[in-house]
Structures are given as C-alpha cells and as structure tokens.
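Written out below as structure tokens is the structure these notes cover.
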There are 2 protein chains.
Amino acid sequence: MKYELLQLPLFEGVDEQEMERLFDEIIFQTKSFGTGSLVVSQGEECNRLMILTEGVVKGEMVGADGRSLKIEDLQAPTVLAPAFIFGKRNHYPVNIISYEEAKFVVIHKAELMKLFLSNATVLQNFLGMISSRAQFLSEKLRFHSFKSLKAKLAFYLLDEAGGRTQFKLKYSQNELAELFGVARPSVGRAFMQLQSEGVIDVRYRQVQIIDSSKLSEAYSE
Amino acid sequence: MKYELLQLPLFEGVDEQEMERLFDEIIFQTKSFGTGSLVVSQGEECNRLMILTEGVVKGEMVGADGRSLKIEDLQAPTVLAPAFIFGKRNHYPVNIISYEEAKFVVIHKAELMKLFLSNATVLQNFLGMISSRAQFLSEKLRFHSFKSLKAKLAFYLLDEAGGRTQFKLKYSQNELAELFGVARPSVGRAFMQLQSEGVIDVRYRQVQIIDSSKLSEAYSE
DNA sequence: ATTCAAATGTAACAAATGTGACAACTTATT
DNA sequence: AATAAGTTGTCACATTTGTTACATTTGAAT
C-alpha cells in the first residue's frame, strides 16, 4: 500500500522510511467505485482529500439549466479538487463520474494538515498542485472568453497537435461541443470553415494542419 | 508596520508577539504604485506574494484578440494571485491595474515558505485563501457557461440585490458588458427583455425587482 | 463480409448577439 | 443654471450560433 502511495505526485521526493513514519501518524481510508458511478456530486461538502490511485474519471459542471459542461478527464494518479478542501464554503464545483472502476485513498482534512506540518516536502507538493489547478481554471476561463467558436477550435487544435502536423482527434465532435459549450453542428461548421480557408484538412477524426501560422491567427477572429 | 500587517487576513489569529518573531526571521519589501499603473502584467512571472495593503486595483484578462475581460476588483487588504506562486508555470493570469494609489507588501516565495513552516496559523490562512480563489474561479466558469446573456444578467442581479427589492447598480452597462464578455447594447437589450417580461423595473442604474421567482427561473433560459 | 449503432457532413431556418450609429438623458463640474 | 462628459435607450443590419432534420460514412460487433 505504502509503495503505491509513494508513486503519487503528492508524495514525490519523500523516501520510504519517512513514508512509514507519516502513515503511522495519520489516518486514511480506501474506497472503490464501479464503472459510471457518481463519485462526487456537485455541491457536496469537500472536507477530505480524495486521491485517485486507479482508473479514469471525468469532472463536469452542471449549469443552472441542467446542461452539463465537461471540464476535464482525470487519470490516476491524481487528486480531486485539492484547492477546495481548505475553503470556508468548501463544496465540490463539479460532478465526478467514473469511466471505469476507480480506486481512491481518502484523507481527512485534519489528517492532511498533520501531514503538512510533519513534512515540508508534502506541503510543497500540495501547494504546487493547487497552483496548477488554479492555473488550469484560469486557462479555462480565458478559453471561454475567446470570441468565436472558430477561435476556440483553432486554439484547441494547436494545443492538441503539440507540434505535429497530422493527428487523430481524441474526442468526437459531440464531446468537443460539450467541452466548448456549444451545439454539435456548430463544431462541424467551425471545422469546415477552417478547411475552406485552407488552414486545415479534416476527414472525420483525422486532422492535418496545412498552415499553422494561419491557425494561430484564427485565435483572434 | 507590523500592526498594519496584523490586520491582513493572512495573519489573522497571529498575536503581536508572534508577529515580531516572524518578521525578525523573514525578509520583505514594500512597494507603491500611482493611479492607473500597471502593477502586474499578464504572463509575468509570479514568485513573490504581493499583499495589497492600501488602495483598489482591478484584474483583467487580455484575450488573444486584444479585448480585455474584467475579472474583478480587489480592495485592500487582500493578496494578489496567491494560487499562482507555487506552480511550475507560475505566470500571472491577468493584468493588475491600480485605480488609485496602491501600496503593497512583497514577500518572496522562499520567505513565504519559511513563514508556513514556522507558523501553522499562517499556513492555514493561506490555504484558505487559495481555496477561496479556486472557488471564485470556478464560479466564474459556471457563470460564463450560462446559456444566454439574460440568464447571466438575472444571476448577476439576484446576487447583487442580496435580498433587497430595490438597489442601485454598482457598474455601468459598459462595465457589465466587459464583465459578461458581451457587447454593450446586448446588455441593454437583456435589461429591456427582463423589464418587458415584468420581472424587473429598470431606469438607468436604479433597479427594482418585481418578481424574484421569475428572475430565478430566468437562469435556465 | 454483413449488420448496426454511432459519428459525421450538411442543409434550412430560427434565435441571439455583434456592430455602428445617434438621440435622449444623467451626472458632475463650473 | 449652464455646460460638458459620460451613460443609456434604441435602431437597422450583419454575423454567429442554435435547432432540427436527414443522408452518409465510419467503426465495432457478429
């Protein structure tokens, strides 16, 4: 068990001996969920750190109108909503749903605090994780502030390409529509626009970037 | 100086004697900015905690197209971007611009870490602040995921009213448009829609809520 | 290879929002 | 009270996105 935990980003840089000591001191549980389970529901109180040790889950935000906006996929090993534990109104901002069997290590807030005071490395790791989360959220915000759908798609494609000129889309247009918060045919249209402008070539999930500088320019349109 | 710092949320619950001890240990600077200064620019590295001790500033996110989306106003005493210091890609997500003369206490990352390890209360305060920030960001995200402008406005008005049935708007339509990320006439239209539906009564900045249950329903439209 | 469910391309039309403009009104200043 | 600067109401029109629908293509299962 402790060897498994050593793999977690939270305990990076902590040696085996120190881990033994830490986990003698603190209390924690393990939990499992089946495929398609609602692991955490939006609004639920968040007073325990949930560490995903196995499986893949997704986070989605339910809007006031009942539509859901997919925020991200989370793969083990990772941690759920680390930035929400120590707030005053500490409620989960999203639903967490498992794609497959998922296992968690659960540590209560008070125990986590003990960990921090007992080991500076763990504290530093945790602070780093929270920072990354906040950055992720503000990237999302900027993304949603892009003017047009075409701009969002261009940004997404360049990010997804990661330097390659040819790649397969990870998500269907349906999923992209959810991710962007728009209707599905609009996504298709945006693809077609970029194609008709000679910026990309799309055929189903296969994408080829023809003019990556034009694709960057499309951010601002 | 130390008495001033005692007022800050970061040092809440720390007694005077302990403060003396802490500030003998760590290094910090003070900084001032005039009216309308660019205190921090988006993308700048964030390796110091900037504590606003006096004045009012605003945070705005510059989109790829050059348009800016106002994120929030910050009043002293508060802290800038606490969640961004400990990340790996630690860059400010926004421009910070002073509305008036603003004073800061600046503490470098390494010194801050010393503080945390030296005093659990300060650590807890800081964690709480980060959590609140993350929650704020994710509220913003949900807000932008609202379907229509009318829904955004309805949400905003109910929040702003805070139980009252009559109040004056804090922001002009121009500012609201910036806040919502839409064009100014659209804001006016949304007001007029709500008025023509008998939900509110608006005359310039004076707003009266006529039917608050209808206003809540408007979230989902 | 065949079959079937899901994903995609695409169209027509409706609705929402952006743009640019201008007059009417408020507010602060003198 | 007069003035000027900024804000708001409002319009016409362009553009974007949503909605619904359906035919086609793909990919997985048999």
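First the proteins, then the strands, lettered A, B, ... as listed; each starts at 1.
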- request: State, yes or no, whether a side-chain contact exists between Val187(B) and Glu178(B) at a heavy-atom distance under 4.5 Å.
  value: no
Those residues at least two apart in sequence (or on a different chain) that pass side-chain contact (heavy atoms from CB on, under 4.5 Å) with Ser131(A) are Phe86(B)
Hits for salt bridge (charged side-chain N to carboxylate O under 4.0 Å, His left out) against Glu111(A), two or more places apart or cross-chain, chain-then-number order -> Lys114(A)
Residues at least two apart in sequence or cross-chain that pass ring pair (Phe, Tyr, Trp, His ring centres under 6.0 Å) with Phe33(B), listed by chain then number, are Phe104(B)
Residues passing the side-chain contact (heavy atoms from CB on, under 4.5 Å) test with Pro185(A), sequence neighbours excluded, are Ala183(A)
(message) With a 4.0 Å cutoff (strictly under), does any side-chain N or O of Ser186(A) reach OP1 or OP2 of dG18(D)?
(response) yes
Ranking dG18(C), dG20(C), dT10(C) by distance to the side chain of Pro185(A), first place goes to dT10(C)
Residues of residues 188-202 of chain B with a heavy atom under 4.0 Å from any atom of DNA chain C, listed by number, are Arg189(B)
Sorted by chain and residue number, the side-chain contact (heavy atoms from CB on, under 4.5 Å) partners of Glu217(A) (sequence neighbours excluded) come out as none
Identify every side-chain donor-acceptor pair in residues 200-208 of chain A under 3.5 Å, counting partners at least two apart or on other chains, and give the distances.
from	atom 1	to	atom 2	distance (Å)
Asp201(A)	OD1	Gln195(A)	NE2	2.8

Assign each of Lys150(A) and Lys168(A) the nucleotide of DNA chain D bearing its closest heavy atom; nearer the 5' end lies the nucleotide of Lys150(A)
Tell me which donor-acceptor pairs under 3.5 Å the side chains of residues 149-163 of chain B have, and how far apart each pair is, sequence neighbours excluded?
from	atom 1	to	atom 2	distance (Å)
Lys150(B)	NZ	Glu197(B)	OE2	2.8
Lys150(B)	NZ	Glu221(B)	OE1	3.0
Glu160(B)	OE2	Lys170(B)	NZ	3.3

Separation of dT27(C) atom C1' from Gln206(B) atom CD, nearest Å, is 15 Å
Rounding to the nearest 10°, end axes of the helix from dA1(C)-dT30(D) to dT30(C)-dA1(D) built from five pairs each make an angle of 50°
What are the atom names and distances for every N/O pair under 3.5 Å that joins the protein to nucleotides 4-8 of chain C?
from	atom 1	to	atom 2	distance (Å)
dT8(C)	OP2	Gln173(A)	N	2.8

In short, side chain to side chain donor-acceptor pair (under 3.5 Å) pairs touching residues 71-87 of chain B with sequence neighbours left out are Glu72(B)-Arg133(B), Asp73(B)-Tyr99(B), Asp73(B)-Tyr171(B)
Applying side-chain contact (heavy atoms from CB on, under 4.5 Å) to Arg189(A) and not counting sequence neighbours gives Ser186(A)
